[in-house]
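Below is one structure, written out as structure tokens; comments come after it.
Whatever order the structure lists ligands and atoms in, that order sets their numbers, starting from 1.
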Amino acid sequence: MIGDDIAAISTAPGEGGIAIVRLSGNSVIEKVEQIFQPYRAGIKLSDKEGYSLSLGWLCDEKMEIIDEVLLGLMRAPRSYTGEDVVEINCHGGTLPARRCLETVMRQGIRLAQPGEFTRRAFLNGRLDVSQAEAVIEVIRAKTERGMNLALKQLAGRNSREISLLEDQLIEVNAMLEASLDFPDEVGDLDYSVAQGKLREVKNRIDKLLLAGERAEIYREGINVAICGKPNVGKSSLLNALLRKEKAIVTSVPGTTRDIIEDYINIRGIPVKLRDTAGIRFTEDLVERIGIERSQEVISEADLVLFILDVGTGIDQEDREIYEKIEKKNKIVLVNKEDLEEKNISETELEQLFPGVKIVRGSIIEETGLEELEESMEKAVLSGQLQSDDMEVMINLRQKNALLTAKRHIEDSLAVMGKVSLDCLGVDIWGALEALGEINGKNLKEEVIERIFHDFCIGK
Ligand SMILES: Nc1nc2c(ncn2[C@@H]2O[C@H](COP(=O)(O)OP(=O)(O)OP(=O)(O)O)[C@@H](O)[C@H]2O)c(=O)[nH]1
Ligand SMILES: [Mg+2]
């Protein structure tokens with residue numbers, strides 16, 4: 001139901017400078033007026049224009065003071081929801097915000113559902129669905145890079161990309177219909193032109209999908225496992241990348257028994273970094289369990305950093321561990337290059353790890369770490385687009401719609417010239433319909449429900 005009055009605390013719980021209770025609906029201004037005493041008497045809230053502020057007291061029905069507040073007024077349709085909106089800035093803290101919310105609710109304003117403000121913005125045409133989805137991405141972004149991508153989506157970048165594709169398809173469809181309706185004037189459909197256009201759309205969709213995969217890495221982040229035999233410097237690497245002493249480092253092999261993990265940002269990519277117990281054969285029960293867990297961590301990892309110790313050289317233990325990670329996306333780090341005695345040669349590395357990225361360095365002297373970070377970025381983005389290419393964020397829903405559109409286009413390309421124009425039209429319409437879903441033109445109610453389900457209350 002649109003238009004009834006809703007309210008929610010829009011700021012995060014906890015103490016802060018201010019908290020905001022947001023209200024939206026047909027008569028929120030009149031309702032707040034009943035319980036608001038402005039400092040400048042005589043100026044009625046309902047007479048004020050949009051985008052204005054009023055300072056005063058929020059009171060209860062008996063005119064007892066609830067809190068000192070600053071009211072922000074936005075009038076329909078020029079507000080976030082497209083309706084009249086009042087934002088009550090009260091003192092930050094759980095209690096003031098709750099008291100303000102309870103007071104306005106007693107005026108017949110109900111509590112908003114999660115995402116209801118944004119849902120109204122969508123239903124009132126202030127945002128399309130892909131922009132509404134971008135709102136969540138902005139809130140949840142873990143790195144600057146991820147947030148910038150989400151902001152582009154919010155600014156309508158995806159929507160514009162999709163419109164371009166739709167225009168192309170509509171053009172092909174128009175050519176097709178003209179040939180159908182006016183065969184004498186227009187003549188046969190020029191198949192090579194139509195094919196060219198459809199191929200262009202398909203390529204563009206492929207690019208979007210690829211760019212989406214890349215953005216996914218910035219949004220969701222990656223799991224990185226550090227592994228290697230005992231004492232090679234795994235925990236030292238974790239600490240160096242985190243720039244804090246998170247894991248215990250000693251010269252005793254088998255120091256790390258459990259998985260130690262933390263989050264870092266490597267070149268804009270959110271990384272969950274996990275240090276593992278050095279893998280070896282052992283009688284020690286605790287260490288054995290640790291080693292079993294290490295294997296689980298390795299299987300979950302998107303990227304494995306395999307560390308070797310230049311002092312000990314590559315031995316049977318290293319080879320056995322490497323067998324376990326051979327199929328993974330990996331980087332080999334030859335550590336302890338500061339040592340006088342070096343027992344790993346280039347030829348040995350090339351023989352054992354053909355085609356694998358190898359970084360040499362010393363964690364203690366902090367050499368090679370920059371190259372390692374750069375290699376990590378490359379390893380997870382390899383085969384993807386360069387950074388100056390298309391940048392879009394694509395969620396699962398949008399990805400599925402793009403895949404459906406692509407399938408229809410491939411079908412139409414496959415049968416072009418072999419079936420009647422009517423049949424061709426069906427696939428082109430199918431593609432158009434799928435693309436339309438991305439911006440929310442033809443979305444079913446339950447899909448809309450699901451999109452807003454993920455939002456927090458007050459957004
Ligand atoms: N010379 C030198 N020693 C290092 C370097 N990196 C780590 N070490 C030393 O190697 C020893 C083992 O380091 P850790 O980081 O605990 O090694 P680990 O791989 O986590 O060992 P486990 O937890 O036992 O599997 C410590 O004494 C570190 O100071 C390096 O670059 N050069
Ligand atoms: Mg360790």
Ser235 near the Mg ion (ligand 2): N/O/S under 2.8 Å: yes
For Phe306, is the NZ or CZ atom of Lys234 found under 6.0 angstrom from the centre of its six-membered ring and inside 45 degrees of the ring axis? no
Heavy-atom distances under 4.0 Å are what count here, so tell me which part of Asn335 touches ligand 1: side chain, backbone, both or neither. side chain
Have a look at Ala240, Gly361, Ser236, Ser235 and point out the one with the heavy atom closest to atom 20 (O) of ligand 1. Ser235
With heavy atoms only and a cut-off of under 4.0 Å, state how Pro253 meets ligand 1: side chain, backbone, both or neither. backbone
Under 4.0 Å between a side-chain nitrogen and a carboxylate oxygen: does that hold for Arg106 and Glu102? no
When you check the gap from the basic side-chain N to the acidic O, do Glu300 and Arg274 get nearer than 4.0 Å? yes
Would you kindly specify which portion of Val249 sits under 4.0 Å from ligand 1, judged on non-hydrogen atoms: side chain, backbone, both or neither? both
Atoms in ligand 1 flagged as close to Thr250, the criterion being non-hydrogen separation under 4.0 Å: 11 (C), 12 (C), 13 (O), 16 (O), 26 (C), 27 (O)
Do any N/O atoms on Thr255 end up under 3.5 angstrom from N/O atoms on ligand 1? yes
A student checking ligand 1 against Asp338 at a 4.0 Å heavy-atom cut-off should list atoms 1 (N), 2 (C), 30 (C), 31 (O), 32 (N)
Hydrogens and angles aside, do Thr312 and Lys336 bring a side-chain donor and acceptor to less than 3.5 Å of each other? no
Asp128 to Phe122 - nearest heavy-atom pair and separation: C-CD1, 4.0 Å
Among Asn231, Asp275, Thr276, Val232, which residue places a heavy atom closest to atom 22 (P) of ligand 1? Asn231
Do Lys229 and Asp315 meet the salt-bridge criterion of a basic N to acidic O distance under 4.0 Å? yes
Closer than 4.0 angstrom: is that true for some heavy atom of Val252 and an atom of ligand 1? yes
When you check the gap from the basic side-chain N to the acidic O, do Asp5 and Arg110 get nearer than 4.0 Å? no
Are any of the N/O atoms on Lys234, whether in the backbone or the side chain, positioned under 3.5 angstrom from an N/O atom of ligand 1? yes
If we only count N/O pairs under 3.5 Å, is Ile364 in contact with ligand 1? yes
Report, in ascending order of atom number, the atoms of ligand 1 lying under 4.0 Å from any heavy atom of Ser251. 27 (O)
Residues Asp206 and Lys202 bridged, charged N to O under 4.0 Å: yes
Contact with ligand 1 for Gly228, non-hydrogen, under 4.0 angstrom: no
Between Ser362 and ligand 1, is there a nitrogen or oxygen pair with a distance under 3.5 Å? yes
Under 2.8 Å from the Mg ion (ligand 2), can any N, O or S atom of Thr256 be found? yes
Short N/O distance, under 3.5 Å, between Leu339 and ligand 1? no
Does this structure show an ion pair linking Glu200 with Arg204, if we count only N-O contacts that are shorter than 4.0 Å? no
Would you find a donor on one side and an acceptor on the other, under 3.5 Å apart, between the side chain of Asp67 and the backbone of Val69? no
Looking only at the side chains, is there a donor atom on one of Asp60 and Thr103 sitting less than 3.5 Å from an acceptor on the other? no
